[in-house]
Amino acid sequence: MPELPEVETIRCGLQRSLPGRRITAITIQRPSLLNNPPRRFRRCLCNRTFGAVLRRGKLLILSLLPDEPAAPRYLTVHLRMSGGLTYTAQARSDARVIFKLDNGMQLIYTDQRCLGQLEVVDNWQCLPLVRSMGPEPLEPNFTLACLMQILSGSGTPIKNVLLDQHKIAGIGNIYAAEALFAAGIDPRRPAAGLSHAEAGKLLAAIKSILRAAIHCRGTTFNNYRDSRGKQGSFVRRLNVYGRAAAACMQCAQPIQRIVQAGRSTYFCACCQR
DNA sequence: AGGTCGACCTGGCAGC
DNA sequence: TGCTGCCAGGTCGACC
């Protein structure tokens, strides 16, 4: 579900609500979602106060004020395929973890498929996932030279490279497909085979699509919701993802669906070369 | 070393 | 109606 734009939308929403709020109680319906023993998880978080909400790639990082000197400083949340975090006054029957807050509100973690992970850590920068992450695609240091470096020497299909979080952080299946369509590049082409001009088009497409998706508060396909429970509207602006056999918006030829590295890829064989 | 594939899970949906 | 099989936005580890 949640790729960079969805996680960033949730981050923004939580940043407006959480800082300064203290956790008064925690209900754990699904201990398997925690990367810490449940008792330690609860002990580390009860009575702690939230600080700033950060993001790296698709990982949410909820910082905690250092009110106890040796206590862990962060709660990290990876939503994986179907996770979500909602700030709400209402109870939810599908809650997997509930954080009760000192103002009567709750932070509720939901996750239909239970593939997500929550973890209390001292230092999120040291997590193996974070240490091995590629650059943030919306940062100014993600330049054409940077992208060319990532593509060089790789015979892997360009779509698979875009999905590889070690190479670029935050792009998932939806936005990889959309960026390749916008750049007019066939997802099956070897990454190293892209010309300088094509890489430039792809770079611009990645940045503009991620920015537009954040502006639309993400893409709701099935169950993604933002931190207030609202759907994202970028689904209306998808050109290829999820549109197998439908007419291409540019040339009216049918959109193709193929499988690459075990994942669906949608593209227009006429517009993408 | 670099790439691919299945496992991890649950629930919605299509087809019979 | 009810059962079965397939599919899903991510990541990791085993394997080639």
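All values below were derived from every heavy atom in this structure, side-chain atoms included, with hydrogens, water molecules and symmetry-related copies excluded. Quick note on labels: first sequence line is chain A, next is B, and so on, each numbered from 1.
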Participant: Taking CZ from Arg263(A) and P from dA7(B), how many angstroms apart are they, rounded to a whole number?
Facilitator: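 These atoms are roughly 16 Å apart.
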Participant: Considering only the P atoms, how many Å lie between dC9(B) and dC3(C), rounded to the nearest integer?
Facilitator: 25 Å
Participant: How is Ser264(A) classified with respect to the nucleic acid when contacts are heavy atoms under 4.0 Å: base, sugar-phosphate, or nothing?
Facilitator: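 Sugar-phosphate, backbone atoms only, no base.
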Participant: Could you work out which one of dG3(B), dG10(C), dG12(B) sits closest to the side chain of Glu3(A)?
Facilitator: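 Output: dG10(C).
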Participant: Could you tell me the separation between the CD atom of Gln231(A) and the P atom of dG9(C), rounded to a whole number of Å?
Facilitator: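 In whole Å, dG9(C) P lies 18 Å from Gln231(A) CD.
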Participant: I need the CG-P distance between Leu115(A) and dC7(C), as an integer number of Å.
Facilitator: 17 Å
Participant: Base, sugar-phosphate or nothing for Leu163(A)? Non-hydrogen atoms, less than 4.0 Å.
Facilitator: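 Result for Leu163(A) = nothing.
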Participant: Is Val121(A) close to Pro72(A) at the side-chain level, that is, under 4.5 Å between some pair of heavy atoms?
Facilitator: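 No, side chains not in contact.
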Participant: Tell me whether the rings of Tyr175(A) and Phe234(A) are parallel (<30°), tilted (30 to 60°) or perpendicular (>60°).
Facilitator: tilted
Participant: Can you give me the closest heavy-atom contact between Thr156(A) and Val161(A), atom names plus distance?
Facilitator: CB-CG2, 4.0 Å
Participant: What integer distance in Å separates Tyr224(A):OH from dG9(C):P?
Facilitator: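 For the pair Tyr224(A) OH and dG9(C) P, the rounded distance is 17 Å.
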Participant: Can you check the distance between dA1(B) and dT11(C), where both ends of the measurement are the P atom (answer in whole Å)?
Facilitator: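 It works out to 23 Å between them.
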Participant: From CG of Asn35(A) over to P of dC8(B), roughly how many Å is that when rounded to an integer?
Facilitator: 17 Å
Participant: Should Arg113(A) be listed as having a side-chain N or O under 4.0 Å from OP1 or OP2 of dG10(C)?
Facilitator: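 Result: no.
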Participant: For Phe181(A), is there any backbone N or O sitting under 3.5 Å from a side-chain donor or acceptor partner on Asn239(A)?
Facilitator: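 No, the answer is negative, given that no donor and acceptor are paired below the 3.5 Å cut-off.
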Participant: Would you say a side-chain N or O of Arg257(A) is under 4.0 Å from OP1 or OP2 of dA8(C)?
Facilitator: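 Yes, such a contact exists.
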Participant: Can you tell me if Lys58(A) touches the phosphate of dT11(C), counting only side-chain N or O atoms and a distance under 4.0 Å to OP1 or OP2?
Facilitator: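 For Lys58(A), the contact criterion (side-chain N or O under 4.0 Å from OP1 or OP2 of dT11(C)) is met.
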Participant: Among dG9(C), dG3(B), dT10(B), which is the nearest nucleotide to the side chain of Ser154(A)?
Facilitator: dG3(B)
Participant: For Tyr241(A) and for Pro128(A), locate the closest nucleotide of DNA chain C by heavy-atom distance; then report the residue assigned to the nucleotide nearer the 5' terminus.
Facilitator: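 Looking at the nearest nucleotide for each, Tyr241(A) comes out on the 5' side.
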Participant: Select from His166(A) and Asn173(A) the residue whose nearest nucleotide in DNA chain C is closer to the 5' end of that strand.
Facilitator: Asn173(A)
Participant: For a quick test of reading the model, state the closest non-hydrogen atom pair linking Pro187(A) to Gln272(A) and the distance between them.
Facilitator: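 Pro187(A) and Gln272(A) have their closest heavy atoms at CD-NE2, 3.8 Å.
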Participant: Quick one: do Arg73(A) and Asn123(A) satisfy side-chain hydrogen bond (donor to acceptor under 3.5 Å, both in side chains)? Show the steps, please.
Facilitator: CA-CA 7 Å; Arg73(A) 289 291 316 280; Asn123(A) 189 348; over 6 Å; no
Participant: Of the listed nucleotides (dT11(C), dT10(B), dT4(B)), which one gets closest to any side-chain atom of His78(A)?
Facilitator: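 Out of dT11(C), dT10(B), dT4(B), the nucleotide with an atom closest to His78(A)'s side chain is dT11(C).
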Participant: Nearest-Å distance, CG (Asn160(A)) to P (dA1(B))?
Facilitator: 21 Å
Participant: Nearest to the side chain of Arg30(A), which nucleotide is it out of dC7(C), dT10(B), dG9(C)?
Facilitator: dT10(B)
Participant: Watson-Crick or G-U wobble partner for dG12(B), using a 3.5 Å limit on both distances?
Facilitator: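 Pair assignment: dG12(B) / dC6(C).
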Participant: Figure out the CG/C1' separation between Leu129(A) and dG13(C), and round it to whole Å.
Facilitator: 15 Å
Participant: Taking the same atom, P, in dC7(C) and in dC5(B), what whole-Å distance lies between them?
Facilitator: 15 Å
Participant: So, OP1 or OP2 of dT11(C): does either fall under 4.0 Å of a side-chain N or O from Gln165(A)?
Facilitator: yes
Participant: Measure the distance from CD1 on Ile150(A) to P on dG3(B) and round it to the nearest whole Å.
Facilitator: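 For the pair Ile150(A) CD1 and dG3(B) P, the rounded distance is 13 Å.
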Participant: When we call it a touch if two heavy atoms are under 4.0 Å apart, what does Gln117(A) touch: a base, just sugar-phosphate, or nothing?
Facilitator: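 If one applies the 4.0 Å heavy-atom cut-off, Gln117(A) turns out to touch nothing in the nucleic acid.
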Participant: Verify the contact: side-chain N or O of Lys167(A) to OP1 or OP2 of dG3(B), cut-off strictly under 4.0 Å; return yes or no.
Facilitator: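 True: Lys167(A) side-chain N/O within range (under 4.0 Å) of dG3(B) OP1/OP2.
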Participant: May I ask you to decide if the ring planes of Phe41(A) and Phe99(A) are parallel, tilted or perpendicular, using 30° and 60° as cut-offs?
Facilitator: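 Ring orientation of Phe41(A) relative to Phe99(A): tilted.
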Participant: Would you mind pulling out the nucleotide paired to dC12(C), Watson-Crick or G-U wobble, both distances under 3.5 Å?
Facilitator: dG6(B)
